[in-house]
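To start, the structure under review is shown below, and the notes come after it.
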Amino acid sequence: MTTMRIDEVGQRLRSVGTYLMPPAELNRQLGVDATVWHRFGRHWDELAPDIYAAELGTRRLRRYGHFLFTPAEQSVRPVPHSAFVQPEKSNPLYVERDRHFEPLTEAFTKDPVLQAILSYLGQLATALDDVEEWSAKVTPFRVLASAGDAGQPTPEGVHRDGVTLVTSLLIARHNAVGGQSSVFDSSGRQLLATTLSEPGTMLLGDDRHTLHGVSPLRPDDPAEPARRDVLVVTFAPSAQSNRRRQR
Ligand SMILES: [Fe+2]
């Protein structure tokens, strides 16, 4: 298997809009082996209920972390915890409504696997756009479903996040059917449909030119709950970078 260089993945994202990276390729990029996802996935047992999704009848757990990535120094640093503000022209459910989520645990924030993911994706974002400083938002999600209660990974439906790069990394899936990810171009044409099933599979999208959504999740064995754990990471120019650009 060949591993694409960062500029090749960037080129693919710019031309096609989306790229599905298999686990073997991501593992190689991050310098980890396939067993890492089980260990990294323990952070998902520490997530907190998403009260905003619960208002819509979906059982979802999450936390939220914010980081800055500086391409010149290849540095990743955490930003003090604050409310999650949905950018304009993105998720219609939550624009202009700040949402308060529990921060990532300290162990999660400092996990070398998270640091490696942020550093790799920061370089990839830089292959998409020349930005001095990136704002990286990290959201681990766990969606649960039971026989009478489908789980909605994206309660807002097909949407964009209002960022440059959007990525979704599968951590674990248990007793689940459905949860199919789709990516569309701006005119609504489907570019890709896939069900992330193997831990370490990452779906990447150029959010400036695509939209995405995930279909409902249901249990395979109706006697047991279904579960889908993913890590969503987005990159957008930081507020400071945007101010410099406007000058
Ligand atoms: Fe999204």
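By convention here, the first residue in the shown sequence is residue 1.
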Self-check item: Sequence neighbours excluded, every pair satisfying ring pair (Phe, Tyr, Trp, His ring centres under 6.0 Å) that has a member inside residues 105-133
Solution: Phe40-Phe108, His43-Phe108, Trp44-Phe108

Practice problem: Among residues two or more places apart or on two chains, list those pairs meeting ring pair (Phe, Tyr, Trp, His ring centres under 6.0 Å) that have a residue in residues 194-218. | Solution: His159-His212

Practice problem: Classify the side-chain pair Gln180/Ser215 by whether it contains a donor and acceptor separated by less than 3.5 Å. | Solution: no

Quiz prompt | ILVMFWY cluster membership beyond Val79 - transitive side-chain contacts under 4.5 angstrom | solution = Leu68

Practice problem: In plain terms, say whether Arg39 and Asp111 are close enough for a salt bridge, that is, a side-chain N and a carboxylate O under 4.0 Å apart. | Solution: yes

Same apolar cluster: [X] and [Y], side chain cutoff 4.5 Å:
| X | Y | answer |
| --- | --- | --- |
| Val233 | Leu104 | yes |
| Val143 | Val166 | no |
| Met202 | Leu30 | yes |
| Leu165 | Val76 | yes |

Less than 4.5 Å apart, any side-chain heavy atom of [X] and any of [Y]?
| X | Y | answer |
| --- | --- | --- |
| Thr126 | Phe69 | yes |
| Leu196 | Val214 | no |
| Gln152 | Arg60 | no |
| His100 | Ile51 | no |

Self-check item: Under 3.5 Å donor-acceptor, Asp207 side chain and Arg160 backbone
Solution: no

Quiz item: Any donor and acceptor pair, going by atom type alone, linking the side chain of Asp229 with main-chain N or O of Ile171 inside 3.5 Å?
Solution: no

Quiz item: In a check of side chain to side chain contact (heavy atoms under 4.5 Å, CB included) between His66 and each of Ser135, Pro80, Ser238, which one passes?
Solution: Ser135

